[in-house]
Engineer: 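The structure that follows is given in the form of structure tokens.
Every chain is numbered from 1 and lettered A, B, ... according to where its sequence line falls, protein lines coming before strand lines.
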Protein chains: 2
Amino acid sequence: MAKYIDIANDLKRKIKDGTYAAGEPLPGQKNLAEDYKTSRMTIQKSLSLLKAEGYLYSQQGSATFVKKNIDSLSNLDIGVDQYVGISKLMEGKHKVTSKVSKFEIRYPVEAECDKLSLGPTDAVYDILRLRLVDEEPYSIEHTIMPISIIPGLDENILNHSVYEYIQGELGLEIGGAYRQFSAKKSSEADIKYLGNESTDPVLVITNVVYLESGTPFEYSIVDQKYDKGRFGMFIPSQAKY
Amino acid sequence: MAKYIDIANDLKRKIKDGTYAAGEPLPGQKNLAEDYKTSRMTIQKSLSLLKAEGYLYSQQGSATFVKKNIDSLSNLDIGVDQYVGISKLMEGKHKVTSKVSKFEIRYPVEAECDKLSLGPTDAVYDILRLRLVDEEPYSIEHTIMPISIIPGLDENILNHSVYEYIQGELGLEIGGAYRQFSAKKSSEADIKYLGNESTDPVLVITNVVYLESGTPFEYSIVDQKYDKGRFGMFIPSQAKY
DNA sequence: TAGTGGTCTAGACCACGAT
DNA sequence: TCGTGGTCTAGACCACTAA
């Protein structure tokens, strides 16, 4: 592992265990460079990592400080995990299961070609899954993925974790996602599968997920029960490196 | 301006005007360093900026490539602007106005003390604003801010832009925001002010906004009409610097 | 094997804040 | 003025990919 990552991890540990307290300044780059027996450039790379993660901020002419409220900001760790939907989010706390109610291969409609940059003859998976948390209906996930990018998908993988398959088996790296939130009235499907009343609102989350190369590989629409938890995230300000 | 930022901007321009086409490799760090008459380290800092912004990705041993689908990813530029609510988001396209229906100073309740890290005697502003887009009701914004951090707020600023006041007049830097999305049924206020039917759903956005130092300075709850546009954002994957 | 990007160094100068 | 962080350099070695 690279030295600047090791140092960043060590500093993060010291922030978490209180060696460097919230609101207090760090020892200074020159001191840190001596302590870790390295150059100032390397220390700066470590610090910039922790700044990007929201642990630190610097004031030129003064010092580098530990941010307050790190717990409520950074403990969420909004990395790749955020794309796995609920399966990892709930890990340990609740039992998450899936019921695959549709798993077809077909040609994409125009909206899907548009979102996924596909031609009309590039086949896609059309997947409909009911997600349950602690045996209770939680959301309906409608997912479209091109078979050319994600070959070999089967029901076994759908019941386990699609993202582990993509990152592990296929060795693909996820670059980011575009996500939209909106609200709507319950549809027939929401009433039938989520057990909603016809007057219940639904939280709709629309996702387009991209690989590191910028290729879109997932277009999904999630209908979530309005009374089962919220969808939260930390949005950092424009980063400066 | 720093050299590495100038270079990053020039590279960004060349990506946008097609000099470096999507999916194609860049000239290579050694070449770029010669072209811009600088060192490789400086070029790498420029490149890391553009990687963080989602324009580029590198493959060790091979080259640095321009991402595909940059338009749909990065044109959104989700920086500080995203905190200004709708006022800047709609700028130019639609007319956004506010109607301040409550502007009080009082002591915070427990939930507000919790979210804003305040004591029970640290006074806060309690602001209720109806936001209109093109004269049509759009959302109800309920905002709580500590007067100790944002002194001198008045109705004139509320009708203009609170965020310009914070960043311009007060010289404070915004670090990020924690944002939650949920859906609910229309409340009495939603029916009265937004003109909702009692069966209309509402999109609820709860925000806690932090300064660069990690100090929270805004706790707000926004009730948004469900049929008036969506709330979207790009979420980059875990960045590596 | 040659060429690429990733890491690292030991200096240097500048911009800024505190005193 | 002094010490801090911010930028920059000209090299070096390593890890990796492609030919």
Engineer: With salt bridge (charged side-chain N to carboxylate O under 4.0 Å, His left out) as the test, would you mind laying out the steps for K115(B) and E218(B) before giving the verdict?
Structural biologist: CA-CA 9 Å; K115(B) 302 274 185 190; E218(B) 175 188 317; over 6 Å; no
Engineer: Donor-acceptor pair, distance only, cut-off 3.5 Å: does the side chain of S46(B) make one with the backbone of T42(B)?
Structural biologist: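 Yes; at least one donor-acceptor contact below 3.5 Å.
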Engineer: Where the side chain of Q60(A) is concerned, which of dA10(C), dG11(D), dC16(C) is the nearest nucleotide?
Structural biologist: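 Of the options given, the side chain of Q60(A) lies nearest dC16(C).
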Engineer: Separation of E34(A) atom CD from dT4(D) atom P, in whole Å?
Structural biologist: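 Those two atoms, CD and P, are 10 Å apart.
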Engineer: Quickly work out the K45(B) NZ to dC8(C) C1' distance and round it to whole Å.
Structural biologist: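 Roughly 15 Å, once rounded to whole Å.
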Engineer: Between Y4(B) and dT7(D), is there a contact of a side-chain N or O with OP1 or OP2 at under 4.0 Å?
Structural biologist: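 For dT7(D), OP1 or OP2 has a side-chain N or O of Y4(B) closer than 4.0 Å.
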Engineer: Can you check the Y36(B) OH to dT7(D) C1' distance for me, whole Å?
Structural biologist: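 Rounded to whole Å, this separation is 18 Å.
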Engineer: Can you measure Y57(A) atom OH to dG6(D) atom P for me and round it to whole angstrom units?
Structural biologist: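 Roughly 13 Å, once rounded to whole Å.
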Engineer: Side chain of R40(B), heavy atoms from C-beta onward: which of dA12(D), dG6(D), dT9(C) has the nearest atom to it?
Structural biologist: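 Looking only at side-chain atoms, R40(B) lies closest to dA12(D).
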Engineer: Does K3(B) make a side-chain N or O approach to OP1 or OP2 of dG6(D) shorter than 4.0 Å?
Structural biologist: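 For dG6(D), OP1/OP2 do not have a side-chain N/O of K3(B) under 4.0 Å.
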Engineer: Decide whether S220(B) and N207(B) meet the rule of one side-chain donor and one side-chain acceptor closer than 3.5 Å.
Structural biologist: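 Present: a donor and an acceptor within the cut-off.
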Engineer: Rounding to a whole Å, what distance do you find between K30(B):NZ and dG11(D):C1'?
Structural biologist: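 Taking NZ of K30(B) and C1' of dG11(D), I get 12 Å after rounding.
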Engineer: Using a strict cut-off of less than 4.0 Å between a Lys/Arg side-chain nitrogen and an Asp/Glu carboxylate oxygen, indicate whether K3(A) and D6(A) qualify as a salt bridge.
Structural biologist: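 No, no charged N to carboxylate O under 4.0 Å.
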Engineer: Just N and O in the side chain of S62(B): are any of them under 4.0 Å from OP1 or OP2 of dT17(D)?
Structural biologist: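 So the side-chain polar atoms of S62(B) never come under 4.0 Å of the phosphate oxygens OP1 or OP2 of dT17(D).
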Engineer: Quick one: sort the Y163(B) and F217(B) rings into parallel, tilted or perpendicular, breaks at 30° and 60°.
Structural biologist: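 Correct class here is perpendicular.
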Engineer: Looking only at side-chain atoms of Q29(B), point me to the closest of dT17(D), dG6(D), dG6(C).
Structural biologist: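 The answer is dG6(C), which lies nearest to the side chain.
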Engineer: From the options dT9(D), dG6(C), dG6(D), select the nucleotide whose nearest atom is closest to the side chain of T38(B).
Structural biologist: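 Closest nucleotide among those given: dT9(D).
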Engineer: Whole-Å distance between dA15(C) C1' and Q59(A) CD?
Structural biologist: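 Taking atom C1' of dA15(C) as the reference, CD of Q59(A) is at 14 Å.
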Engineer: Can a side chain N or O of K51(A) be found less than 4.0 Å away from OP1 or OP2 on dG6(D)?
Structural biologist: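 Affirmative; the distance criterion is met.
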Engineer: Under 4.0 Å between a side-chain N/O of T42(A) and OP1 or OP2 of dT9(C), yes or no?
Structural biologist: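 T42(A) to dT9(C) OP1/OP2: side-chain N or O found under 4.0 Å.
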Engineer: Whole-Å distance between dT7(C) P and I43(A) CD1?
Structural biologist: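 So the CD1-P distance, I43(A) to dT7(C), works out to 15 Å.
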Engineer: Could you check G61(B) against K37(A) and say which one's nearest nucleotide on DNA chain C is further toward the 5' end?
Structural biologist: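 So the residue in question is G61(B).
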Engineer: Using atom CD of Q44(A) as one end and atom C1' of dC8(C) as the other, report the distance to the nearest whole Å.
Structural biologist: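 Roughly 13 Å, once rounded to whole Å.
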